Structures are given as structure tokens and as C-alpha cells.
Amino acid sequence: MGYLLEYDETNPISIETYGKRLIGKTFQDICDEDDMRKAAVVRETENYEVKHENKKRKGGLGELVEERYFHYQSNNDARPDFDKAGVELKVTPYKINKNGSISAKERLILTMIDYCSVVNESFEESHMWAKARLILLVYYLYRQEIKNRLDYKIDYVQLFSPPEEDMKIIEHDFNVIKDKICAGKAHELSEGDTLYLGAATKAATSEDRREQPFSDELAKPRAFAFKNSYMTYVLNNYIVPGKKTYESIVEGNIEESFEDYVVKKIDEHCGSSELELCYKYEVNIDKKPKDLGAILAYRMLGIKSNKAEEFVKANVVVKTIRVENNNKIKEHMSFPIFRFKELVEKDWENSTFGNYLRETRFLFVVYKFDENGELRLRGAQFWNMPYEDLEGNVRKVWKETKQILIDGLEVEKVNGKNYNNFPKASDNPICHVRPHARNAQDVDELPDGRMFPKQCFWLNKEYILSQLDENFLEE
């Protein structure tokens, strides 16, 4: 049974114009209208809606739009969905946060990484870039209270091509991933390795593994994906009109990679004291801000605010590290607090802390006290946690913490001070659990109903020191 397409499948603008008719519709509306038109549906329609309303079903809503609205057979072809126009269709959720801002709900999966073929691909000729160069983005609003996901509403439909200023970083990210596979380390890939384009895990079960070309060790299946942070930036600055853009670190073309450029810009100030930098960039030190180190880093990079466009897109977090004159670090590094009840409901692969470390790239800005007690800039380095550390000791501490909460946290009061059995810094070489509450009243409910001061995971100061470039520690 044939059907008549209502768009020109060779013309991206025609495809977008037809796609914009989806705005304001729910996925149920798409199905109902398709039935009313008695259009020829590509695949059997019996129980079609039932199959697609399950929230846990990945990719189902995109498949529904492909087949019930655009009327082409959904497939796993490496070519773009609208091959004659070079357009890829991506149906993706966004959410409204508590503060009223909007963000992408998840990363945007582009295509599976074939470890054995990608090593022979250039960026321009890669399957990834064929999928990413021109995308018809269909954004629907995710709302937790909606039980049947066919009732989600589509709010934005727009063609998107990564802008020129992003291209160099995306290409560099692609080559970082490819080089790691070429080095026989596909099993060690992490989203924290890169900035905008990540290697996201994509497996039916946590046990799924695939062969890689230059190692006998099996690796988790992964897909090229635009990171959640990048897609949030795209949503706010390209898809939703009238949104304020952030300042950019790079203006025009640069010879080196983005990361080398950033490090070089900060290294130009090596030897300057924190006080001298405050005077130079007119930062008020009378009320010393808690994030002074990050503020100075942004000023050195030419950013007047504390939001750099490239860092927002890439989920780069600036961390200031202060090294003592004796080459030791005084303080452990803290991370956002965790909720006790939320932690016990997650598994490691989907844990908030695990995902934070997998997906975040850090810019360490390192200062060291001189012989006169003056804090002086030593330089900067990009860092993300090595795979073996994350999946080894960090995973161990997280699982121990979960088990302690399930069994019931043990709390003992000695001389008026509370002691507990959360993992301590002396128990693990990489991380531990400590309070991160503002005061004694800043508490959270334990699984057993008791209230207890809020906690967070911390990286041990000795571990942080071991990750720093040795040049920062030389006299």
C-alpha cells in the first residue's frame, strides 16, 4: 500500500518545515492523526501505542515519529535518516528545572562506535560525522508526573548543524576517542576524556562487551554522543529564541587544540601571586570570595563572568588546588552532596557520583606557597579520572556506602562528637565520605528514617597530589 510524502525528502528545509507541524502535538496525537488520515503505516500497527508508551523503552519515540509521521522505515543504517538530504532525525527530551531554567534531559546518541572500523576513519569521512553534521532536533518536554510517555508534548523542531567554532573541538574529541582505541584502550574510554563529543556507554545489560582491534580485552559497547552539557547549551542558545549567550574563550582561529590554548593562556601568568592577580583583574579581596581561584582563572582566560561558553558546552569544572611549600596538599576535594535515599535506589552504572566523574572534565589551576608564605600560580592542567581508578577504588567506596546505608548507618557519640562507619580517607587511597553540611541543622533523612548531617564524596588530598603534573611541584 503506497503513501504520498508531504515533504521533499531531498530538501532539508522542506523536511524541517514539515517537521515543525509537530510543535504542540503529543505523540498520541501523531498516532491518532495518522490513523485518521489512513496513511500507510510502514509496520504493523497492532499494539503500536502500547509498545511505545513504556518509559523504559529506549528510542521508541524517535521510531514512532519516523514511521507514523515521516512515513519511512526505522532502521539502524549508518547513513543519515533522510539520506537524500543528509539530515539525521533525533527526538530528544528536555526538562524544566526547579529554578525555572531548562536543560537537556540526556546526552544525544549519534551512532554506535564500531571499534574495528573507526580506527580507519578520518573525522570528515566518519559515520559519526555523517550523522552529526545536520540534525533535525525534535525536543519534547519530559515531565515526571506523566505516566504514559505518549502524552509528552513536542515543543521545538529545528535543524541544527554544529557551528564553526565548535567544529575544531568536536574533531579533536573524535580523534581522542579514536587514538585511545588505536592504543588498545577501548575498555578504558570515558566521557571525561573529551569536551563536547563523548563515548557514551550503550549496552542492553552491564555485562555486554565487544571486541576491540588492538587488545584482547573486551570493551563495553559505546556510542558517539553529544554530551548532556553540550545539548543543554544547544537548546538554550540555538533552539529556544532570545536566550543570552555566554562569553567565549576563543575568538577566531587558533593553531593549537582548545585545551592547549587554555593552558597556555593561564601559564602566561605563572609566578604571579594570588594578590597580584586580584589587583590586575580588579577582584575585591576584602570580601574574599569562596571561589576566588575559579574567578581568577576565568579572568585570565578573558571571561568577565564565571561562565565560559566552551566550558558550559563541555561540562568543564574549574578546581583550584593549593600546594604547600613542602609539596603537600592540606585539603581533600569535595563534590556535591548526595541524598541518602536516592543513593540506595541506584546501581553504580547509573549513580549520580559515578556519572559525574565519567562525564566531567576538570581544569586544575594550581598555586603553590613560596618560602615567604605567598601563594603563587604554578600553572594549569586538564584532568579526568582514569578509568581504572573510577571503576576500582571509587566504585568500591560507593558500593560500601550504599551497603552501609542499607544495613543502617552506625553512629556513636564520643565526648559529644558523632562518629560513623562511612568509608574514611584511611580506608581507601582515592576517596572517602565526609560531612558537607552548612551546620548541624543541615540534615537529610536516612533510609531508616533518622535524620543525619548531609554527606558527600571527597577525593583524598594525597590522590589529588599524585595526579598533578610534576612540574607544579618543582622548586
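None of these values were measured; they are calculated from a predicted model. Along the sequence shown, residues carry numbers from 1.
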Checklist entry - To the nearest 0.5 Å, what is the distance between OG (S103) and CG (N236)? => result 8.0 Å
Next on the checklist: Under a 3.5 Å distance rule, please check whether D427 uses its side chain to pair with a backbone N or O of P423 as donor and acceptor.
Outcome noted: no
Checklist entry - Is the backbone N or O of W348 less than 3.5 Å from a side-chain atom of K399, with the two atoms forming a donor-acceptor pair by type? => result no
Next on the checklist: One thing to verify: whether R376 and E274 come together as a salt bridge, which I'm taking to mean a side-chain N less than 4.0 angstrom from a carboxylate O.
Outcome noted: no
Item to check | Steps toward salt bridge (Lys or Arg N to Asp or Glu O under 4.0 Å) verdict (R107, E359) | outcome: CA-CA 10 Å; R107 59 178 73 82; E359 297 167 11; 2.6 Å; yes
Next on the checklist: Run F174 and F224 through ring pair (Phe, Tyr, Trp, His ring centres under 6.0 Å) and show every step you take.
Outcome noted: CA-CA 8 Å; F174 173 86; F224 285 114; 5.4 Å; yes
Item to check | Side-chain donor-acceptor contact under 3.5 Å, D166 with Y230 | outcome: yes
Checklist entry - Side chain of E124, backbone of S122: donor and acceptor closer than 3.5 Å? => result no
Checklist entry - Does the side chain to side chain contact (heavy atoms under 4.5 Å, CB included) test come out yes or no for E247 and K304, once each step is laid out? => result CA-CA 8 Å; E247 298 172 82; K304 296 182 179 66; 3.6 Å; yes
Checklist entry - Do E165 and S248 get their side chains close enough for a donor-acceptor pair, meaning under 3.5 Å? => result no
Checklist entry - Does the S272 side chain pair with the main chain of H269, one donor and one acceptor, at a distance under 3.5 Å? => result yes
Checklist entry - Judged by atom type as modelled, is there a donor-acceptor pair below 3.5 Å linking the side chain of D291 to the main-chain atoms of A294? => result no
Checklist entry - Are N393 and Y463 close enough, and set up right, to give a side-chain hydrogen bond (donor to acceptor under 3.5 Å, both in side chains), and what steps lead you there? => result CA-CA 11 Å; N393 279 303; Y463 175 71; over 6 Å; no
Item to check | Value rounded to 0.5 Å, distance of CZ in F364 from CD in Q467 | outcome: 7.5 Å
Checklist entry - Does one side chain, of D469 or N471, offer a donor that lies under 3.5 Å from an acceptor on the other? => result yes
Next on the checklist: Show the nearest heavy-atom pair for residues V138 and I154, with the distance to one decimal.
Outcome noted: CG1-CG2, 3.7 Å
Checklist entry - Looking at L159, L137, V87, which one forms a side chain to side chain contact (heavy atoms under 4.5 Å, CB included) with E16? => result L159
Item to check | Presence of salt bridge, D208 and K220, under 4.0 angstrom | outcome: no
Checklist entry - Are the charged groups of K84 and E9 less than 4.0 angstrom apart, N to O? => result yes
Checklist entry - Under the 6.0 Å and 45° cation-pi test, does K105 pair with Y142? => result yes
Checklist entry - Under a 4.0 Å N-O cut-off, is there an ion pair linking E400 with K402? => result no
Next on the checklist: Checking side-chain polar atoms at under 3.5 Å, does N460 have a donor or acceptor matched by the opposite partner on H432?
Outcome noted: yes
Next on the checklist: Can you tell whether the side chains of R395 and E349 come within less than 4.0 Å, N to carboxylate O?
Outcome noted: yes
Checklist entry - Any luck finding a side-chain donor-acceptor pair between E309 and Y233 under 3.5 Å? => result yes
Checklist entry - Would you say K396's side chain and E391's backbone share a donor-acceptor pair under 3.5 angstrom? => result no
Item to check | Distance (rounded to the nearest 0.5 Å) between F82 CZ and I15 CD1 | outcome: 5.0 Å
Item to check | Side-chain ion pair, R361 and E259, N-O less than 4.0 Å | outcome: yes
Checklist entry - Any salt bridge between E63 and R68, counting N to O under 4.0 Å? => result no
Item to check | Step-by-step salt bridge (Lys or Arg N to Asp or Glu O under 4.0 Å) determination, E88 to K90 | outcome: CA-CA 7 Å; E88 178 74 4; K90 291 295 181 186; 3.5 Å; yes
Checklist outcome for this item: Correct closest heavy-atom pair for V344 and P447 would be CG1-CG, 4.1 Å
Next on the checklist: For Y156 and Y140, I'd like to know if the aromatic rings sit close, meaning centre-to-centre distance below 6.0 Å.
Outcome noted: no
Item to check | F335 and Y356 aromatic centres sub-6.0 Å | outcome: yes
Checklist entry - So how far is it from L390 CG to L357 CG, rounded to the nearest 0.5 Å? => result 5.5 Å
Next on the checklist: Walk me through whether E310 and I169 qualify under side chain to side chain contact (heavy atoms under 4.5 Å, CB included).
Outcome noted: CA-CA 9 Å; E310 295 92 344; I169 291 175; 4.2 Å; yes
Next on the checklist: Salt bridge check, R339 against D444: does any charged N sit closer than 4.0 Å to a carboxylate O?
Outcome noted: yes
Next on the checklist: Can you see whether Y139 has K95 sitting over its ring - NZ or CZ less than 6.0 Å from the centre and within 45° of the normal?
Outcome noted: no
Item to check | D267 side chain to G379 backbone, donor-acceptor under 3.5 Å | outcome: no
Checklist entry - Are the ring centres of F338 and F457 closer than 6.0 Å? => result yes
Checklist outcome for this item: Closest heavy-atom pair, D173 versus L197, reported as atoms and distance to 0.1 Å, is OD2-N, 2.9 Å
Checklist entry - Would you call the rings of Y387 and H187 parallel, tilted or perpendicular if under 30° counts as parallel and over 60° as perpendicular? => result perpendicular
Next on the checklist: Could you go through Y196 and H172, starting from their C-alpha distance and side-chain angles, then the distance that decides it, and tell me whether this counts as side-chain hydrogen bond (donor to acceptor under 3.5 Å, both in side chains)?
Outcome noted: CA-CA 10 Å; Y196 299 173; H172 184 265; over 6 Å; no
Next on the checklist: Looking only at side-chain N and O atoms, does E66 offer a donor or acceptor that is under 3.5 Å from a partner on Y72?
Outcome noted: yes
Next on the checklist: So does W458 get a backbone contact from the side chain of H332, meaning a donor-acceptor N/O pair under 3.5 Å?
Outcome noted: no
Item to check | Step-by-step side chain to side chain contact (heavy atoms under 4.5 Å, CB included) determination, I170 to F226 | outcome: CA-CA 9 Å; I170 292 169; F226 283 143; 3.8 Å; yes
Item to check | Any donor-acceptor N or O pair under 3.5 Å, side chains D155, Y94 | outcome: yes
Item to check | Sidechain-backbone polar pair: N315 side chain, S229 backbone, donor-acceptor under 3.5 Å | outcome: no
Checklist outcome for this item: Heavy atoms of E217 and Q212 approach each other most closely as O-NE2, 2.8 Å
Checklist entry - Is a salt bridge present between K341 and E345, judged by a nitrogen-to-oxygen distance below 4.0 Å? => result no
Next on the checklist: Could you check whether W129 and E121, counting side-chain N and O atoms only, form a donor-acceptor pair closer than 3.5 Å?
Outcome noted: no
Checklist entry - Is there a side chain to side chain contact (heavy atoms under 4.5 Å, CB included) between I181 and I113 once you walk through the steps? => result CA-CA 10 Å; I181 298 167; I113 302 175; 4.0 Å; yes
Checklist entry - Under 3.5 Å, is there a donor-acceptor pair linking the side chains of D260 and S257? => result yes
Next on the checklist: Looking at every heavy atom in both A130 and P80, which two are closest together, and how far apart are they?
Outcome noted: O-CG, 3.3 Å
Item to check | From CZ (F472) to OH (Y367), nearest 0.5 Å | outcome: 12.0 Å
Item to check | Charged N-O contact under 4.0 Å between K227 and E106 | outcome: no
Checklist entry - Quick check: does any side chain N or O of R358 sit under 3.5 Å from a backbone N or O of S190, one acting as donor and the other as acceptor? => result no
Next on the checklist: Would you say the ring centers of F214 and Y115 fall short of 6.0 Å from each other?
Outcome noted: no
